[in-house]
Chemist: 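Take this structure first; my questions come after.
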Amino acid sequence: RSARRGQHFQPRTAPAMAFSLRTPTTVPCQAVRLSSQAATRSGVSALAPKQAQKALSSKRLCVKAGANNESRYGSCWPGRVEVPLHIPKLGNGVTKKISLLGSTGSIGTQTLDICAEHPDKFEVVALSAGRNIELCAEQTAKFKPKMVSISHSEQLADFKALLKAKGVTNMPDILVGPEGMIEVARHADCEATVTGIVGCAGLYPTVAAIEAGKDICLANKETLIAAGPYIVPLLKKHGVKLLPADSEHSALFQCMQGLPEGGLRRLILTASGGAFRDFELEEMQFMAKNDPLALHAKATTHPNWDMGAKITCDSATLMNKALEVIEAHYLYGTSYDNIDVVIHPQSIVHSMVETADSSVLAQMGWPDMRLPILYTMSWPDRVMTSETTWPRLDFLKMGDLTFREPDTKKYPSLPMGYAAGRAGGTATAVFSAANEQAVAMFLDKKIGYFDIYKVIEDTCAAHMQELVLDPSLDDIVHFDQWARNYVAEKCVTADMAI
């Protein structure tokens with residue numbers, strides 16, 4: 001098939017459990033640790049976390065090098081999206097009740113903008129926020145949720161005072177901390193939970209929402225990238241739908257609707273290409289050696305958008321696409337052999353689906369995160385939007401659309417991502433967390449640009465001796481933190497600083 005198409009990229013052939021990009025060899029026999037649940041079934045009693053880690057080290061499974069575990073966990077939408085029938089249209093007295101996690105962040109504020117523009121279609125029944133209690137108080141006064149959670153108990157008195165100052169007389173239930181987020185996520189009146197919290201802090205409330213039967217409007221990448229092996233079976237168990245708010249995965253979701261069984265052939269994720277899309281690898285290596293600060297500045301400047309430094313750097317390394325490949329697999333069950341990435345500098349085509357008969361369906365539009373957020377909330381309905389606040393795509397103004405193959409020597413994050421995905425289990429959690437820690441240290445100028453790839457590779461390779469194939473949620477959180485510590489303490493040396 002590769003010879004016939006002549007366009008299959010290097011990540012397809014990356015060994016499932018080999019992370020070395022310099023010498024692509026595999027470990028003769030990988031030691032894979034059982035999850036805490038599996039260990040209990042095997043005779044290891046439930047212990048405190050540290051004791052359990054020690055006890056579990058003696059309970060090993062042997063996995064052959066190159067083993068592919070990608071089919072082990074299932075997917076949220078296996079190969080197609082079946083649209084439910086006879087769902088009342090939103091409006092005219094029909095509203096969808098929303099709980100929002102992370103109301104003061106980027107996803108949260110955009111979600112509330114949508115609710116404000118369409119009050120006849122969406123009702124906010126509960127929300128949680130972090131430290132920005134001033135903004136949270138404004139949101140509470142405007143949307144009048146029944147329950148509000150803030151992250152820190154020491155701000156509780158100040159938050160209540162802010163609500164009174166804003167004229168809130170019918171006080172909501174006010175909770176604090178992680179327990180408060182969980183109660184917001186599973187509020188009895190909500191139908192769908194929007195997960196806008198960054199990091200593993202969003203995992204536990206998301207699980208609580210799933211167990212309470214709430215549909216998930218997913219804007220937290222750890223939910224599937226890190227915790228896919230745990231979350232996907234849980235979704236199936238509770239009959240809950242997970243709707244992606246990421247623009248690329250929303251594009252795939254939209255293109256897959258109406259496909260018959262077996263109609264999906266390939267997923268094609270588009271990438272802007274980031275800061276170095278027009279650079280040659282040799283030019284970047286020269287800068288790394290002779291002017292590392294210039295390379296640092298370039299890596300944190302996106303050619304298309306003004307984004308946060310972390311996201312901009314992930315776009316420069318193409319790590320964002322490596323992570324999206326993993327997420328696409330858990331969402332749609334497509335083999336990693338049939339998930340491709342293409343560079344598309346204009347960012348008009350958000351992703352594409354190839355069908356069994358070689359047709360290609362694309363979802364297009366101006367880059368705007370609000371659209372996929374809106375669609376997670378309204379699905380299967382389509383909401384009429386204002387041309388003033390939602391500019392329509394003008395084919396005459398958008399110009400030419402171009403596509404190119406990513407250079408995996410320039411972007412080694414791609415083969416590493418495919419390898420982590422095929423390994424399965426906690427490998428993807430470690431891959432994601434190692435990247436976050438490496439990028440944070442790069443932004444602090446403690447390591448150079450190319451060191452990002454090296455420390456991720458070294459961390460993933462070290463983790464293969466403790467890989468958990470069927471992890472519990474605690475396993476995932478544990479190895480997320482382990483990866484961050486390993487990068488900071490084992491991989492980074494003083495001579496890496498720039």
Chemist: Report the distance from atom OG of S347 to atom CE of M398, rounding to the nearest 0.5 Å.
Modeler: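 Answer for the OG-CE pair, S347 versus M398, is 12.5 Å.
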Chemist: In the structure I gave you, are the side-chain heavy atoms of T109 and L135 within less than 4.5 Å of one another anywhere?
Modeler: yes
Chemist: With sequence neighbours excluded, tell me which residues meet side chain to side chain donor-acceptor pair (under 3.5 Å) with W379.
Modeler: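 Only Q257 meet the side chain to side chain donor-acceptor pair (under 3.5 Å) criterion with W379.
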Chemist: Looking at E436 and R484, is there a salt bridge between them, counting it only when a charged N and a carboxylate O are closer than 4.0 Å?
Modeler: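 A salt bridge is present here (some side-chain N lies under 4.0 Å from a carboxylate O).
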Chemist: OG of S413 to CZ of F431: how many Å apart, nearest 0.5 Å?
Modeler: 6.5 Å
Chemist: Side chain to side chain contact (heavy atoms under 4.5 Å, CB included) between T300 and L443: does it pass, once the steps are laid out?
Modeler: CA-CA 8 Å; T300 53; L443 295 176; 3.5 Å; yes
Chemist: In Å, rounded to the nearest 0.5 Å, how long is the span from CG of N170 to CG of L163?
Modeler: 11.5 Å
Chemist: Just wondering, are more than 12 heavy atoms of other shown residues or ligands nearer than 6.0 Å to CG in D444?
Modeler: yes
Chemist: Tell me every residue that passes salt bridge (charged side-chain N to carboxylate O under 4.0 Å, His left out) with K310, counting only those two or more places apart in sequence or in another chain.
Modeler: D314
Chemist: If you count every heavy atom of other residues, nucleotides or ligands that lies below 6.0 Å from K236 atom NZ, does the total exceed 12?
Modeler: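 Yes, enclosed.
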Chemist: Might you work through the side chain to side chain contact (heavy atoms under 4.5 Å, CB included) test for L224 and V232, ending with a clear yes or no?
Modeler: CA-CA 8 Å; L224 285 183; V232 171; 4.0 Å; yes
Chemist: Judged by modelled atom types alone, do H350 and S250 share a side-chain donor-acceptor pair under 3.5 Å?
Modeler: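 No, no side-chain donor-acceptor pair sits under 3.5 Å.
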Chemist: Centre-to-centre under 6.0 Å for H296 and Y449, is that the case here?
Modeler: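 H296 vs Y449: aromatic centres not under 6.0 Å.
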Chemist: State which residues pass salt bridge (charged side-chain N to carboxylate O under 4.0 Å, His left out) with K446; sequence neighbours excluded, sorted by chain then number.
Modeler: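 If we apply the salt bridge (charged side-chain N to carboxylate O under 4.0 Å, His left out) test to K446, skipping adjacent residues, there are no hits.
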Chemist: How many angstroms lie between atom CZ of F143 and atom CG of L112, to the nearest 0.5 angstrom?
Modeler: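 Going from the CZ atom of F143 to the CG atom of L112 covers 4.5 Å.
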Chemist: Regarding H302 and S315, is there a side-chain donor-to-acceptor distance under 3.5 Å anywhere?
Modeler: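 Per modelled atom types, H302 and S315 side chains form a pair under 3.5 Å.
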Chemist: Got I373 and I107 here, is their nearest side-chain heavy-atom distance under 4.5 Å?
Modeler: yes
Chemist: Taking C-beta and beyond as the side chain, do H329 and T334 meet within less than 4.5 Å on heavy atoms?
Modeler: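 No, too far: nothing below the 4.5 Å cut-off.
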Chemist: Stepwise, does the salt bridge (charged side-chain N to carboxylate O under 4.0 Å, His left out) test hold for D458 with K490?
Modeler: CA-CA 9 Å; D458 291 347; K490 302 291 186 181; over 6 Å; no
Chemist: CD of E327 to NZ of K321: how many Å apart, nearest 0.5 Å?
Modeler: 10.5 Å
Chemist: Are any of the side-chain heavy atoms of M147 and P172 separated by less than 4.5 Å?
Modeler: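 Not touching, per the 4.5 Å side-chain cut-off.
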Chemist: Which is it for E248 and T270 under the side chain to side chain donor-acceptor pair (under 3.5 Å) test, yes or no, and what are the steps along the way?
Modeler: CA-CA 7 Å; E248 290 81 1; T270 57; 5.1 Å; no
Chemist: Taking atom types as modelled, find out whether E222 and S432 have a side-chain donor-acceptor pair closer than 3.5 angstrom.
Modeler: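 Checked: E222/S432 side chains show no N/O donor-acceptor pair below 3.5 Å.
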Chemist: Is the NZ atom of K96 crowded by more than 12 outside heavy atoms at less than 6.0 Å?
Modeler: yes
Chemist: Using 30° and 60° as the class limits, which term best fits the ring planes of Y453 and F450: parallel, tilted or perpendicular?
Modeler: tilted
Chemist: Are the side chain of Y73 and the backbone of G425 linked by a donor-acceptor contact shorter than 3.5 Å?
Modeler: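 A pair under 3.5 Å: yes.
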Chemist: Under a 4.5 Å cut-off applied to non-hydrogen side-chain atoms, are M171 and V168 in contact?
Modeler: yes
Chemist: If only side-chain N and O atoms count, and only distance matters, is there a donor-acceptor pair under 3.5 Å linking H118 with S378?
Modeler: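 No - no donor-acceptor pair under 3.5 Å links their side chains.
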Chemist: Determine, step by step, whether W390 and W366 satisfy the side chain to side chain contact (heavy atoms under 4.5 Å, CB included) criterion, reporting the C-alpha distance in whole Å, the side-chain angles of both residues, the deciding distance to 0.1 Å, and the verdict.
Modeler: CA-CA 9 Å; W390 301 74; W366 299 121; over 6 Å; no
Chemist: Go through it in stages, so that I can follow the logic: the residues are I174 and K160, the test is side chain to side chain contact (heavy atoms under 4.5 Å, CB included), and I'd like the CA-CA distance, side-chain angles, deciding distance and then a yes or no.
Modeler: CA-CA 9 Å; I174 302 175; K160 290 181 177 179; 3.9 Å; yes
Chemist: Taking side chain to side chain donor-acceptor pair (under 3.5 Å) as the definition, give me every residue that meets it alongside H152, ordered by chain and number, with sequence neighbours left out.
Modeler: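 By the side chain to side chain donor-acceptor pair (under 3.5 Å) rule, H152 matches R131.
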Chemist: Using a 3.5 Å cut-off and no angle test, enumerate the donor-acceptor pairs between side-chain atoms of residues 77-90 and protein atoms at least two apart in sequence or in another chain.
Modeler:
unit_1	atom_1	unit_2	atom_2	d
W77	NE1	L242	O	2.8
R80	NE	L259	O	2.8
R80	NH2	L259	O	3.4
K89	NZ	D381	OD1	2.8

Chemist: Can Q481 and N485 be counted as having a side-chain donor-acceptor contact under 3.5 angstrom?
Modeler: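 Q481 vs N485: donor-acceptor pair found between side chains.
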Chemist: Applying side-chain contact (heavy atoms from CB on, under 4.5 Å), can you list everything that pairs with A185, at least two apart in sequence or on another chain?
Modeler: L101, T193, P205, A209
Chemist: Less than 4.5 Å apart, any side-chain heavy atom of K166 and any of K142?
Modeler: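 No, their side chains stay 4.5 Å or more apart.
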Chemist: When rounded to the nearest 0.5 angstrom, what is the spacing between CG in L318 and OH in Y411?
Modeler: 5.5 Å
Chemist: Heavy-atom distance under 4.5 Å between the side chains of T376 and L218, does that happen here?
Modeler: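 Answer no - side chains too far apart.
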Chemist: Does the side chain of V492 come within less than 4.5 Å of M441's, by heavy atoms?
Modeler: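 Yes, their side chains come closer than 4.5 Å.
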Chemist: Checking salt bridge (charged side-chain N to carboxylate O under 4.0 Å, His left out) against D189, which of K146, K214, K97 comes through?
Modeler: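 Exactly one option meets the salt bridge (charged side-chain N to carboxylate O under 4.0 Å, His left out) with D189, and it is K146.
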